[in-house]
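Notes for the one structure printed next.
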Amino acid sequence: MTTPKLGVCYYPEHWPEAQWAHDARQMRELGLSWVRIGEFAWSRMEARPGSLTWDWLDRAINVLGNAGLQVVLGTPTATPPRWIIDKYPDMLAIAIDGSVRKFGSRRHYCFSHLGYRKECARIVDLMGERYGSNPHVKAWQIDNEYGCHDTILSYGASAEAAFRIWLERKYQDITALNTAWGNVFWSMDYNSFAQIQLPNQTVTEANPAHVMDYRRFASDEVVTFNKIQVEALRLHTDVPLIHNYMGRITEFDHFAVGADLEIASWDSYPLGFLEDRSDQGEDFKHDFMRQGDPDFQAFHHDLYRAVGRGKWWVMEQQPGPVNWAPYNPKPLAGMVRLWTWEAIAHGADVVSYFRWRQAPFAQEQMHSGLQRPDGGPADCHNDIFKTAMEIKKLGPVQTKQADVALVFDYASAWAWDTQPQSQDFNYFRLVYEAYSGLRRLGLSVDILPADTENFRTRKLVLIPGLFTWNDKLKTAVDNFKGQVVMGPRTGSKTEDFQIPKNMPPNIDGFDAKVKSVETLRPTAPIDITSGGHIYIWREHLETSCDVIEVGGDGAPVHIRDDNLHYLAGWPDREAMARILSNIANAAGLDTEDLPTGYRRRDLGRYTLHMNYGASALKLKSFTLESADIAIIDNETHKRLI
Ligand code: GAL
């Protein structure tokens, strides 16, 4: 158990060298102890092929390190410089419509391009050689935000060649592939792997099994790309290697990338995400425009804690208005502190703000930092100073295993992107609404990958929307004594993207079959007799299990056999709250309907209370102001913060 630390992202190459020492001193004075640098600086490290300029970076690391900051050094591979494109014009990613994604911003590369991979291995090896044993470099960040700006899938020649090899390795012979994909349908049989193309620009939808394999392949390419850099760095250093993931990016398997890294981190932009990638309605967005969705950060904290196997950071924390969402409001005073504490309460070892000083030039000049472009303090300054003092006061923060767990599976996201069956069906949304429902009941949640073998001492596990069962997860369910909630859509396909012979949900000994599925217009949800609705997705079952709740259409909504529960549809907010609360109570957990915007996180000895709401909340023993937090010692009942 260590005391959490604060940090910041800094771009020495953006500022006159004479300013570096002053900046470093001010960072320390603010209470920061980590600084991330370098991740976009390739054109300043190597302006022309082979002409390497390290002296500025040597000095920057020295200045920062000598001021007492620990450095995270980024590999610059998210920003291939212009000369690399001249060398390999075909390394640019190709969009689904066949258009080339041009140079002029960032992430303009195809993960499968062998020439670009070689360039990455080379620059990372050179950086490792130079800085691998630098005493100030205490961690490395590999690349930057895989998948941001829609950059995992590329439809060019390098990806196609690599996909054919990937398929041949998987299926060995073409008949096996034809059978697995069901290519007899529409005369899609192939005679050789060399005939297979990427599944874009087909006349109507491509075969879902074809798309699914392409999505698996594309995810594997990210793992390989990352591993090349891990291997290059490992020759030179033993310090932790990190990647900074993003919010709501599901195009690659983060667990698989994370398995090669020591720490997972993510970039948390609560207000940007609410405007840019949330399913919430207009009223909600209005009410939380300056605070963010009270569950969105927590969900990702829990997800990336799992990806990092317990070791995780926030690499970039929003400090004020960003520049990239449709609307970019300013956070309420106090929110930057609340977001920071929330991350810490979910186990973050470091929370690092993006960025030190607002840049007066280029794409992000409207993105705030901890300082204004002229070096004056930005609005969040006091929030951060206060947080740093509080962290010092509280010391090490313990977290504990949650009683409730939720399975999150990237392959399920690819499957249901491929075959949504309703334009409103989205796997992330389904899992997220369950998570949010649990949090509103006052429960703390752990997220688990789908290859979990053992649910341990947890009391309640949710597995919504799982594409297909694997043996480990089946074993975990079989051996678990707590309550398990499955559905809708759980276990509804085989690995080959076919309907299982036994019919979904395909669980041995659980007597229920999904006879048919329908999806619902937003204007036509189905009432549930005990309250709330089924919306988006509705299943009709053949079952001998106990029917706990039924819909106004007369068909079961919630069925149960012993400790196994199945939901035959997507419950709306009201139904989700009731159903989950009843099952949680059956699992021996106390639940409560928390007031709007109020959230709690159980840390064992302490509890963190947060008010995401815009007005003060009267709780049992204290009042929690808007945008404020309280840390209560559960033994002494004292408010520590
Ligand atoms: C992140 C990215 C940063 C910066 C930031 C702006 O997605 O990693 O480099 O662009 O967004 O909010």
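Order of appearance sets the numbers: ligands from 1, and atoms from 1 within every ligand. The figures here come from the full heavy-atom set of this structure, side chains too, leaving out hydrogens, waters and symmetry mates. All values derive from a computational prediction rather than experimental measurement.
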Which of the numbered atoms in ligand 1 are below 4.0 angstrom from a heavy atom of [X]?
| X | value |
| --- | --- |
| Asp267 | 8 (O) |
| Asn144 | 2 (C), 8 (O) |
| Phe40 | 9 (O) |

I'd like to know if the side chain of [X] reaches the main chain of [Y], judged simply by a donor and an acceptor atom lying under 3.5 Å from each other, with no hydrogens or angles considered.
| X | Y | value |
| --- | --- | --- |
| Arg290 | Lys330 | yes |
| Arg439 | Pro294 | yes |
| Ser268 | Gln317 | no |
| Glu364 | Met366 | no |

Looking only at heavy atoms, is any part of [X] under 4.0 Å from ligand 1, and if so is it the side chain, the backbone, or both, or is it neither?
| X | result |
| --- | --- |
| Arg106 | side chain |
| Glu364 | side chain |
| Asn323 | neither |
| Met246 | side chain |

So that I know where these two stand, are Trp356 and Trp15 an aromatic pair - ring centroids less than 6.0 Å apart? no
With a 6.0 Å cut-off on the ring centroids, do His14 and Tyr11 count as close? yes
Glu390/Arg337 salt bridge by N-O under 4.0 Å criterion: yes
If I apply the N/O under 3.5 Å rule, does [X] come out as touching ligand 1?
| X | answer |
| --- | --- |
| Arg36 | no |
| His367 | yes |
| Glu316 | yes |

Does ligand 1 have any atom that is closer than 4.0 Å to a heavy atom of Gln318? no
Distance from atom 5 (C) of ligand 1 to nearest protein heavy atom, with residue and atom: Tyr269 OH, 3.2 Å
So which heavy atom in the protein is nearest atom 7 (O) of ligand 1, and how far is it from that ligand atom? Glu145 OE1, 2.5 Å
Are more than 12 heavy atoms, taken from residues, nucleotides or ligands other than Lys138, located less than 6.0 Å from that residue's NZ atom? yes
Check the surroundings of atom OH in Tyr327: do more than 12 heavy atoms from other residues, nucleotides or ligands lie under 6.0 Å from it? no
